[in-house]
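This report concerns only the one structure given below.
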Amino acid sequence: MSCTVDDRKQIRRAARAIRDAVPTIAVDVVAPNASRHDAWTLDAVLRDRESVPPEVLRELALAGLTLQPVPSQAGYQHVVATM
C-alpha cells in the first residue's frame with residue numbers, strides 16, 4: 001500500500017471516530033488536491049461547542065493530524081486538521 005492510501009484510511013478512521021464521539025453537524029475528509037492546505041484534511045463542525053473537546057483532540061493525535069487554527073462561530077466549533 002502506498003503512503004497516500006494509508007493516510008486516507010487513517011484520516012477516514014479519525015473522521016468516523018469523531019462522528020461517533022461527539023455531536024456533529026458535519027465531518028468531511030478532503031483530498032490533498034482539493035484542500036487549500038495541500039494535504040489530507042479533516043473538516044468537522046461540532047454542535048453546541050465553544051472549544052474542541054478532549055475526545056476530538058485525542059482522535060486527532062492518534063491519527064497524527066495537526067490541528068489548524070479556525071475561528072469558532074456562535075454555538076458551533078469548526079475543526080480543521082491536516083495530515
Smallest heavy-atom separation, L65 atom then A14 atom, equals CD1-CB, 4.2 Å
Closest approach of L62 and Q10, non-hydrogen atoms and distance?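 L62 and Q10 have their closest heavy atoms at O-NE2, 3.8 Å.
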Using a 4.5 Å cut-off on heavy atoms from C-beta on, say whether the side chain of [Y] contacts that of [X].
X: L67; Y: V79; result: yes
X: P23; Y: L46; result: no
X: V56; Y: L60; result: yes
X: T82; Y: Q68; result: yes
X: L42; Y: V80; result: no

Measure the spacing between [atom1] of [X] and [atom2] of [Y] and express it to the nearest 0.5 Å.
X: K9; Y: T4; atom1: NZ; atom2: OG1; answer: 12.5 Å
X: D48; Y: Q77; atom1: CG; atom2: CD; answer: 12.0 Å
X: L57; Y: E55; atom1: CG; atom2: CD; answer: 9.0 Å
X: D6; Y: W40; atom1: CG; atom2: CH2; answer: 11.5 Å
X: D28; Y: R19; atom1: CG; atom2: CZ; answer: 8.5 Å
X: Y76; Y: I25; atom1: OH; atom2: CD1; answer: 4.5 Å

Practice problem: For the pair R49 and V22, evaluate side-chain contact (heavy atoms from CB on, under 4.5 Å) and give the outcome as yes or no after the intermediate values. | Solution: CA-CA 10 Å; R49 297 290 177 167; V22 297; 3.7 Å; yes
- prompt: Between D43 and H78, is a side-chain contact (heavy atoms from CB on, under 4.5 Å) present by the stated rule, with each step listed?
  reply: CA-CA 7 Å; D43 192 345; H78 191 182; 2.5 Å; yes
